Amino acid sequence: MTNGAEAMDTNFYEQVYEVARLVPKGRVTSYGSIAKALGVANSSRMVGHAMAYAGTASPKVPAHRIVNSSGLLTGRFHFSPPELMQELLEQEGVVVVNDKVKNFKKVFWDPLQEL
DNA sequence: AGCTTGACGAGCT
DNA sequence: GAGCTCGCCAAGC
């Protein structure tokens, strides 16, 4: 089998999606934490880029649960509509005020804690 | 092949 | 506490 379907096994992006999908409902995590969990703490930006591709990935990735280290919804404009990100978070019980997660420390989910 | 931009993070002023 | 700079690395032009 040439196994042709996936040309990307241990792709970095796949790993990001995997961790992102592990984020429990009502919780959020940061790009840097994911990057660090994957061993590329200094490449936090790559995580963000990967999330941008999340919309093209399958199954879909709960990118709305991913915020920056400040708990700010930096990528809300990548959703459609941009307000969707905050809506989804609030639907899951995450309070968002002024484009940032309320009680961020409480709803923060650390992948390293699970791994 | 090179320059610019960017879902970030940490440090400094 | 807010704003600015530098570093990292990939993708777009």
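Every chain is numbered from 1 and lettered A, B, ... according to where its sequence line falls, protein lines coming before strand lines. We use all heavy atoms of the structure for the numbers below, so side chains are in, but hydrogens, waters and symmetry mates are not. What you see is a predicted model, and the numbers here were worked out from it, not measured in a lab.
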>> What's the separation between atom CZ in Phe104(A) and atom OG in Ser69(A), rounded to the nearest 0.5 Å?
In response: 7.0 Å
> Leu38(A) has an atom CG; how far is it from atom P of dC9(C), in whole Å?
Replying inline: 15 Å
> Considering Watson-Crick and G-U wobble pairs with both distances under 3.5 Å, what does dA1(B) pair with?
Replying inline: none
> Would you find a donor on one side and an acceptor on the other, under 3.5 Å apart, between the side chain of Tyr17(A) and the backbone of Ala50(A)?
Replying inline: yes
> In residues 95-110 of chain A, which residues come under 4.0 Å of DNA chain B by heavy atom?
Replying inline: none
> Are the side chain of Thr29(A) and the backbone of Trp109(A) linked by a donor-acceptor contact shorter than 3.5 Å?
Replying inline: yes
>> Side chains of Met46(A) and Val40(A), heavy atoms from C-beta outward: is any pair under 4.5 Å?
In response: no
> Can you tell me if Arg65(A) uses its side chain to pair, donor with acceptor, with the backbone of Val23(A) under 3.5 Å?
Replying inline: yes
>> Across nucleotides 1-13 of chain B, 5' to 3', mark each nucleotide with B, S or - according to how protein heavy atoms within less than 4.0 Å reach it.
In response: -----BBBS----
> How long is the gap from OG on Ser70(A) to CG on Asp99(A), to the nearest 0.5 Å?
Replying inline: 13.0 Å
> Which atoms form the tightest heavy-atom contact between Met51(A) and Ala20(A), and what is the distance?
Replying inline: CE-CB, 4.1 Å
> Can you name the nearest heavy-atom pair linking Lys60(A) to Gly55(A), along with the distance?
Replying inline: CE-O, 3.2 Å
